[in-house]
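Worksheet for the structure shown next.
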Amino acid sequence: MKRTAQRLPHARVDPGKTLRFRFDGRTYEGVAGDSLASALLANGVGVVGRSFKLHRPRGVFGCGKEEANALVQLESGGYSEPNARATLVPLYEGLEARGQNAWPNVRSDVFGALGVFKRLLPASFYYKTFMWPNWQRWEGLVRRLAGLGIAPTSADPQKYLKQNVHADVVVVGAGRSGLEAALATSRDPACRVLLIDEQEEPGGGLLASPAAADRSWLEEALREVAARDNITLLCRTTVNGYYDNNVLAALERLSNHHGPAAGGAVRERFWRIFAGRVVLATGAIERPLVFPNNDRPGIMLASAVREYCHRYGLTLGERIVFYTNNDSAWRTALELVDAGVPVVAIIDLRPAVESELRQRAREAGIALHLGTVVTDTRGRSGLRRLVLHRLAGPGDALEAPAGTLDCDVLAMSGGWTPTVHLYSQSGGLLAYRDSDACFVPERAHQAVTAVGRANGEFAAPLNLQPQWLTPGVSAEHQWVDFQYDVTASDIQLAARENFVSVEHVKRYTTNGMSVDQGKTSNVNGLGILALATGRPIPEVGTTRFRPPYHPTSLGAYAGIELGALYTPFQQLPAHAAHVAAGALFEDYGAWQRPACYPRPGEEEEAAMAREARAVRSAVGLLDYSPLGKLEVRGPDAREFLNRMYLNNIRTLEVGAARYGLMLNEAGIVIDDGVVVCLARDHFLLHTTSGGATTIHQHLEEWLQCEWTDLEVIVGNATTQWATLMLSGPKARAVLAQLDGDIDVSREAFGHMQYREGRLLGQPCRILRASFTGEVSFEISVPANCGLSLWEALMQAGEPHGIVPFGIETLMLLRTEKGYPHVGADTDGNTMPQDLGWGGAVANKPDDFVGRRSLSQPVGSDPGRFQFTGLELLEADARTVSGAHILTADGESTAGYVTSAFHSPNLNRTVALGIVADARDRQGEEVTVFYAGQRQRARLIKPGVYDPAGEALNG
Amino acid sequence: MIRIECPWCGPRSEAEFTCGGQSHIVRPADPAAVSDREWAQYLYQRDNPKGLHYERWRHTFGCRQWFNVARDTVTHEIRAVYRMTDLKPAPGGEGV
Ligand SMILES: [Zn+2]
């Protein structure tokens, strides 16, 4: 590759502004307006990467997103990005990049020797070779060789955003057709037009044109676009996905062109676009020709040679040769000559070419080789020579050698492929057009139109003669997918092995599965498959395109939803007091709750033990605010709840509370909690912490969808109230000290009673229920009073030895008491009879949700997992929730430990579980299995602490 | 992504909604009176049509209301949106 010191005068770059950058450890200079690829080419860097499988040296081959060779590892550390297309990376000061898939670098890669073994590494080599004795045996070795580029190992420090936008018309592509469409549709001032282009500047193919008329047209069009208020132009934005209802996804690169120096600026923005109508002006991509050793550095697409010349001002070679099967490359060659670029020959496999083109080429001093094909290329690290043969006839055998031709750049054109990816994603049908040998949009499925080259409208006829591979020579070294080293022989092999479907052939050979997703290889691969299977191309069909059109940064999908912003979190009303008390916070659903309050140097288990002892012997205070609080009100509230709960709600008196179990219609226990009757037509439902939203939705679904005649409203009041649980033998004494109007004496306020009144001058609701087994008051005050109530109770409790206790300590206390926790001690099969509630079901006269399911055969299946206590036989033994209970033969699972703690009050392990037929097997011994260890345990009645329940009314 | 016309909020993005599956499933008036088989059919047996499907959706991140949608499972085209208390529109009828 030739080093270009001077840029051609008509280039769009700014030669006065130099930019320094590093590639593979060497420092180079480019100019403002360069891409990394054009800057490398200007410096004569011929080899920029190595192919994936065979490590063949590769040079820049295209100019845009079709680039298959120039994949680089961009920047390092948290800014590192693998597989960046050098053609799409705008050059900036200080840019650092390395070639990929090579060691120590792309110039002298030790794995380059793999190329010698090409014959031994056909398609499916890995599938066939590493099956014996099994794939796992080889996986480690293959994985080390596999993968392209290196995933960054540190967090990405850059910022990403997501945004929604609505538009009446979305035009994708701001080349000539896209600009025309945007200007035409925006004539109606009420029509909001969004014009999107993926390049650094709008213009599309016009940017590569040397014609003065094209350039002035573009300037005028862009002036007009800027003048129209109803056009929004998004540059550096790639539309990657086209979904139902004209929803598009696009990625805007806001500051990538500054690199890491952009600092805190947002790097990329992910757009979700809601479009009325979509116009696809996405252009077309040139196809390579398939011939032996067509992957040598210096062999490029003719369109790329054109763009490097007219846009970037590069004269890539001293002897440039064109190789083509259509007219477009001829026009490109003539343009280059006009710009003073040395084009020495055109090789065209067509025996006849329009006389005007031939005439002009001859006048330009270009040697013509018609009816001729390239049958080999020479040159170690860059192209030096072509070997030519004359063709006997179209697609036919070779006739005679036609000598050799020295050159340093080969500009090839095998025709054009309209960029129909988005059209295909939208559900549109494609049709094969024989004359141009390409797929074009046929029938839209959504409100979408393809225009310009994307629709197969070429400025001048191509007069193309397809040649899918070079006849008469081995297909072994005729590359189709450059990146993944798929050659024509691999596709022929797949056909010989009876792969018929194009989707299967794609996956078997990996043709089109590389980073560019077959932008240049798909149609050539199809053509070769059609030849090999003796079918016409329309019959072979094409693969359906799927999003994304171009790779999208993972950071853009994440947006700002990272770290603390990953998901909304909730803090307790008295959060500040918990922090001050040294709480160990953990996430319980969305809530950040104290697990316990370890003192300095205290282990978590020791803290839980200390807190649990204090609750049993004196008093503890728990922030219980996440307890679900739903209010149900209306003339039919009582009837509704009686249908929703297993328990009888009809008989619940005003001011009384009753434990309730809630089932789904399949009879499975989904929630439990205390139901309070506030008034004849007004109820307060307590749900499990974190279950409030789900149960609220469950109630609403039944009201809105099934019992639409019931007059009931449901409201979720969970976060309106702070709820503190004061529990222990001294709880009553502590609460009595606070200034309030509720009589909390044993005589006046019994267990499972509810009172409303005022406390510390605030409205308050107090429920006497107990999840610890001790006297407990669940005190609710308006959420903003939670902190002051917490402080008042801690102060009042100080003489009584009050301690704050956390949610894990509560779980320990209720496990000592054998109280099941729905969701922990139940699973997706648990019915009420498995919890010992079969009698209550029988006693309820009315129907309720799930009742009928309980009498289905499954409800009395032998082997149902039932709730039970577990006593480990060895005094010091420990176990964990999740440990298995084994069947009698020890071969499989017959249950699980669901809750297990070391009890400081009993000084042994307390455990609960669900075990097959446990209710009929009380007293039996079972084996507990965990992490390879077996222990003996006995099935016992849950609740080994204070089994008589005396502490409840103490 | 489909867009759904909530009867209360207007056209909104699918991301705001939750699909509740087939609609117009009638709960037996007296569950105790039906056979195990009939009850199991009510619980689990659902249509899986290629084409028009009557289903219920909830505007979860909006008004939280349930409503019915007649949707084509092939094209995702929504052919009718109607309230829970409305009658099922006949296929081919007005709006469907
Ligand atoms: Zn709504």
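Treat the numbers as computed from the prediction; the structure is a model and nothing was measured. Each chain gets a letter, A, B and so on, in the order the sequences are listed, and its residues count up from 1.
- Residue B:Phe67: no heavy atom, backbone or side chain, is found under 4.5 Å from chain A.
- A distance of 5.0 Å separates CZ in B:Arg3 from CG in A:Asn245, rounded to the nearest 0.5 Å.
- Residue contact with chain B, scored on non-hydrogen atoms closer than 4.5 Å, is absent for A:His166.
- Around atom CZ of A:Arg546, no more than 12 heavy atoms belonging to other residues, nucleotides or ligands sit under 6.0 Å away.
- For A:Ser853, the parts lying under 4.5 angstrom from a heavy atom of chain B are both the backbone and the side chain.
- Around CG of A:Leu554, the count of heavy atoms belonging to other residues, nucleotides or ligands within 6.0 Å does not exceed 12.
- The closest side-chain heavy-atom distance from A:Glu665 to B:Trp39 is below 4.5 Å.
- No more than 12 heavy atoms of other residues, nucleotides or ligands sit less than 6.0 Å from atom CZ of A:Arg633.
- Side chain of B:Arg56 to backbone of A:Cys705: no donor-acceptor contact under 3.5 angstrom is found.
- Nearest approach of B:His76 to A:Asp244, heavy atoms of both residues: CD2-OD2, 2.9 Å.
- Considering every non-hydrogen atom in both B:Asp36 and A:Pro857, the closest pair reads OD2-CD, 3.3 Å.
- Within the 4.5 angstrom heavy-atom criterion, atoms from both the backbone and the side chain of B:Ile2 approach chain A.
- Going from atom CZ of B:Arg64 over to atom CG of A:Asn716 covers 7.5 Å, rounded to the nearest 0.5 Å.
- Only the side chain of A:Arg272 comes within contact range of chain B, judged by heavy atoms closer than 4.5 Å.
- A:Val247 has its side chain out of reach of B:Glu14: every pair of non-hydrogen atoms, C-beta onward, lies at least 4.5 Å apart.
- A salt bridge does not link B:Arg58 to A:Glu700: none of the charged side-chain nitrogens sits closer than 4.0 Å to a carboxylate oxygen.
- Ranked by non-hydrogen atom pairs under 4.5 Å with chain A, the options B:Val26, B:Val34, B:Asn68, B:Thr18 are led by B:Val34.
- Within the 4.5 Å cutoff, no side-chain heavy atoms of A:Gln704 are placed close to those of B:Thr85.
- Of all non-hydrogen atoms in A:Phe848 and B:Arg27, the two that sit nearest each other are O-NH2, 3.9 Å.
- Heavy-atom contacts from other residues, nucleotides or ligands closer than 6.0 Å to CG of A:Leu429 number more than 12.
- Listed here is the closest heavy atom pair of A:Asp847 and B:Pro31: OD2-CG, 3.3 Å.
- Between B:Asp30 and A:Arg852 there is no salt bridge, since no side-chain N of the basic residue sits under 4.0 Å from a carboxylate O of the acidic one.
- Top candidate by heavy-atom pairs under 4.5 Å with chain A, chosen from B:Met84, B:Glu77, B:Gln65, is B:Gln65.
- Heavy-atom pairs under 4.5 Å with chain A peak, among B:Ser35, B:Gly20, B:Ser23, at B:Ser35.
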